[in-house]
Structure formats: C-alpha cells, structure tokens
Amino acid sequence: MIARVLPDVAALERVFDYLIPEPLRDQVRVGTIVRIDLHGRRVGGWVVEVTDAPATDRPLKPLAKVTGWGPAPELVELSSWAAWRWAGRRSAFLRAASPQVAVRSLPSATGSARALSTRSGSISAGDSRRISTQNGGTGVTVVRVPPAADVVPHVLDGLGDADGLVLASSVGAAARLARRLRDTGRRVALMPRDWAMAAGGGCTVVGARAAAWAPVPALGAVVVVDEHDEAYQEERAPTWNARDVALERARRADAPAVLLSPCPSLEALEAGELVTLRRADEREGWPVLEIVDRRRDDPTRGLYSERLVQLLRSERRVVCVLNRKGRARLLACAACGELARCEHCGAVVAQLEATLVCRRCEQERPAVCAACGSTRLKVLRPGVTRVQEDLDRLAGRPVVVGTEAALHREEAADAVAFLDFDQELLAPRYRAGEEAMALLARAARLVGGRDRDGRLLVQTRVPRHEVLDAVVHADPGRLAVVESARRAALRLPPEAAVAIVSGEAAERFVFAVEGVELLGPTDGRWMLRAPDHATLCHALAAVPRPPGRLRVEVDPLRA
DNA sequence: CGGACAAGCTGA
DNA sequence: CAGCTTGTCCGG
C-alpha cells in the first residue's frame, strides 16, 4: 500500500508517494500526520490518499514515522475546497485542522452528547418569529438576537440533540460559552485544547476561528455566535472566514446551520433565512441610543459636548471610546501657528507619548516646533491620552477612556459614549457601516438593554445616518436594506466577489487572470472582481503562481 | 522550504 | 584556482 503525502513545507504544493511499512499499516489512513524523508531532509506531512497505484516509476521510500492522528478525511477534502475558495495552499488549512501536539490515541466517546443533553435551556417555539418555515431540517438560519439577550438558549436550539460545532468570535468567548454549555449537562470539547476528545466523538465542540476545522465525527449541527464579527476572518492570506468554512461543512454533512448575530452581515443574510424575535423582545435587548447632534455646537468645545459632560458628572459608570491612539493626532505650534510636520517627508506627525512620530515614515523627533523652536504645541486633534486628562478634569473624577479595545477590556458599564462616531460612520472603507453597527452592538452588550437602563451616547454630525437610525429603532434591518442597495450599486461584496492582489509578483499575476474584471492598481494593490465566487475562484485557480512575493486576499475586509 | 550543485566573482 | 556568494532546480 502507498500513502500519498502532502508535505508540510511552505511553497511546495505537490504530493509524493511513500510505501507504508507493514507494521504501520493499521495506523495510516487519510489525514494521518506522518514524517517523511524528502530530498535529503525529514519533514512532516499529511496522508491525503491511500492507494495501491503509485504515480511514478521511481523507487518509493517508506514513511519515516507516523506522528499521530490528523484531520478526518472529510476535512482533508474540505481543505482542497478552501484552497480553491481563498486561493491559498492546502497545507495552511490542514495545519488548522491538525492538533497542536501529536495525538497518539483517541479517547472513546463515553456516550454521545445526545445521551447527556438536556433541553432545559432551550427557547420555546413561540419565542421567535420564524420568517422561514424551516425548523430542525437542513439549511441555514440566521437568528437576529439583540446584544443584551442571552445567546445560550439559541445555541442549544441550534444544536438540538446532535453532536455539533459551535464557534465563538474570540478564545475568551469560546471558553465562557463552553462552560455555559457544560452547565446544561452536555459533554463539551473546548478547542484547541480538547482536540483528541473532539476527534473521539460524542461531544459538542466549541472554539474560536480555528475551531471551524475541529474534528466532529458525526457533525449534526453548526452554530456560529456573533457571525458578523470580523475576528472570524483570518488576516493573513489565505484570508479564510470561519463562518464560511463552517457553513460549507454543514452543507457537506447535510446538517443544519444557525448563524447568530445582533446585526447579521449581508453575507449571512444572503446565505440563510432570517429569523427575528418579536419586535418588543428585540427592542428590549438594545439600550437607548442618545444622539448628540454636534452640527450646531460651538467648535471650540472640541470633543466635549454639554451633554457628554453632564453624563460624566452623573453617578453612572461611563466608558468613553475614541479610536485615536496617543496624545494627539494633529498639532500646531502655539507660538507661530505652524503645523507640526515630518522634517523628512512632510506628512503630519502625531504625538504618541513625549516625542512626535511621523504617520507616514515613522521618523521620530522631539516635541518642538520645527519652524520657530517653541516647545509650546497646541493639540488640534486630541488622542485618547489627552482626552483622558481633559475628561478627568471636566468630570471631576477618573473617567475610563480608550480606543475600541476598551469595549473588550471592560466588564460592564452603565453607559458607553463614542466621542467622535463620524470617524466610524464615514471611514473610507466599504464595510464602515457594518463595522460601526458592530461597534454599537459590542457597546450595547456592555451596558445591557432597556430593561437595565443601558445607554449609548454618540457624538456626530450625521445624526440621521442609517446605522444610528437602526440602533435607535433596535432594528438592524434598517441598515441592511440601505447597505445592501449601496453594495449593489458599487458592485462590492456580497453583490460581487472580489480579491485584492498585492506583492511584487502582483502585476504579472493579475494580467494572467482571465474572465474577471481588473481594477487598479491603487497603492500597488489590484482588485479582481467577478459576479460570484465560482467565477472568481476558478479564474484565480487557472493561473500558476509566478515566482516572487504574492498576496491574494479573497473577500477582503478592506477593499 | 532548504539542500545540491553550477556559475560567477574576488584576491593572491 | 580555492573559497565564497548567488541563482536555479527539485523532491517519491
């Protein structure tokens, strides 16, 4: 018998045949992780096929060693699909589907999740208004769960009695969710720690992005919590998305998939049938949004509206958010009025700590006016550090001020105030609206819903923006309608499938791709656009990789 | 990727 | 021409 092995060697997308030594025969199957002698060195790899017909006439070497269990055959197959879908290497996906340490044996499943599961936490059928008729069958359901509502009943509902895969948007969220699910009596494997347990079967498998590749022997359900979260997308190429991998797994296993989100992505709405809660229930799950219209405010008040200061002086625990790091993003000399710019390249400099740092070339210099030598610089655009000092003074007590990372760091608050929300609403990124919505949902989770008197405050000059309108009405559908039409008009995802190609070999590569639209280059990046993923991915796959650095981002978060 | 080997460059 | 760098090829 012969093992066809894909080596775990970057830039080597070929399989090689090896003899399976007799004593190893019962340990080697599709997915098994092995070590092989290749071209004078010993490397790891995956068995991707077991055959008796070698693909070469040359004498075969034997496998050097069996390392242990690897991805199940269906995940080996899925890795080929993912390599096509995100124009990447199979090994990148097989690595994600492999245990972090060698697994020599699998624990036997001590009863299935089914036997141990209880349905006590499940929501009753009447709680949600099903727009579609599907229930428990196969297919994709998108459930819009408001931010302050508990997702666990919806997760249990999505899992039913099956062994399922549950994805959460961060490692911490996955660990918390695993604990909650264990409390309901289910047997739960938390990835990546419990890889072997998951592979043994009979449990619910929970994890973050990489867990989309977790072993689930009898996959009966897939649930993705906070499906809109950009953390599900791998930033490095191949830029695969865990939600999309999970959906494809569900489709192949003929298992139902449930996507949960307070603000479903347009991609999710396209993939499945939307289910919403009763209007009153969804409304309860969003906090009150207070819009501070700054269009007529005195510009000298800067970021500090009367209403903000009033809120900070109240007894409420307020978290202020400003996505500008450091002390100042723009400064001018207090003596001569000259803008603080880089002596090297002329771009504006920011003040992160003591020194001035160029935002383009990262050159550093002391905080002194280059024109007149004055050390007095005034802040035209403050960053969080400076705002913190100002607000402490205005509030007469310490105030929590941070970038959006503060929303992940803080446990709870009575109110979240976005000091300059226009920066989010009007960001020059095609997903800015959805990202701003996700930010408000995140903040909403911190402060709770109307029942807890949670409050969001945004300072803006676009008070009628559809994102704000959607949150005011606790109806994310209002944004989806507008956003969907805009994407269609601009032919951006999910209306079209696009890929961004960059790197020294980009030009050679994009001109070899046929049958798709080519735009650019902008800043050395090209955009390839096609009506759908099938067209785009087939076109990309038809072109051999030229030598040199090449980065292909399919479904870029920033186009 | 990284080892093997060939071709090119340098200095005595 | 030894000793080194750089480039190209290829793996079972």
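Chain letters run A, B, ... following the sequence lines, proteins first, then strands; residues in each count from 1.
A salt bridge between Arg545(A) and Glu13(A) is absent, with no side-chain N of the basic residue lying under 4.0 Å from a carboxylate O of the acidic one. A salt bridge between Arg252(A) and Glu74(A) is absent, with no side-chain N of the basic residue lying under 4.0 Å from a carboxylate O of the acidic one. A salt bridge does not link Arg209(A) with Glu235(A): none of the charged nitrogens is closer than 4.0 Å to a carboxylate oxygen.
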Contacts under 3.5 Å, N or O only, protein and nucleotides 4-7 of chain B:
none

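Arg42(A) has its CZ atom 17 Å from the P atom of dG2(B), to the nearest Å.
Contact detail for Glu483(A) and Tyr430(A): the closest heavy-atom pair is OE2-O, 3.7 Å.
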Test salt bridge (Lys or Arg N to Asp or Glu O under 4.0 Å) on Arg243(A) and Glu227(A) and set out the steps. CA-CA 7 Å; Arg243(A) 172 197 59 216; Glu227(A) 100 14 78; 2.8 Å; yes
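Within 4.0 Å (heavy atoms only), Arg14(A) reaches at least one base atom of the nucleic acid.
Under a cutoff of 6.0 Å and an axis angle of 45°, Arg90(A) and Trp84(A) do not form a cation-pi pair.
Bracketed by its first and final contacts, the part of DNA chain C lying under 4.0 Å from non-hydrogen atoms of chain A reaches from dC10(C) to dG12(C) in 5' to 3' order.
With ring centers used as reference points, Trp526(A) lies under 6.0 Å from Phe511(A).
When the shell of 6.0 Å around CZ of Arg341(A) is examined, it contains 12 or fewer heavy atoms from other residues, nucleotides or ligands.
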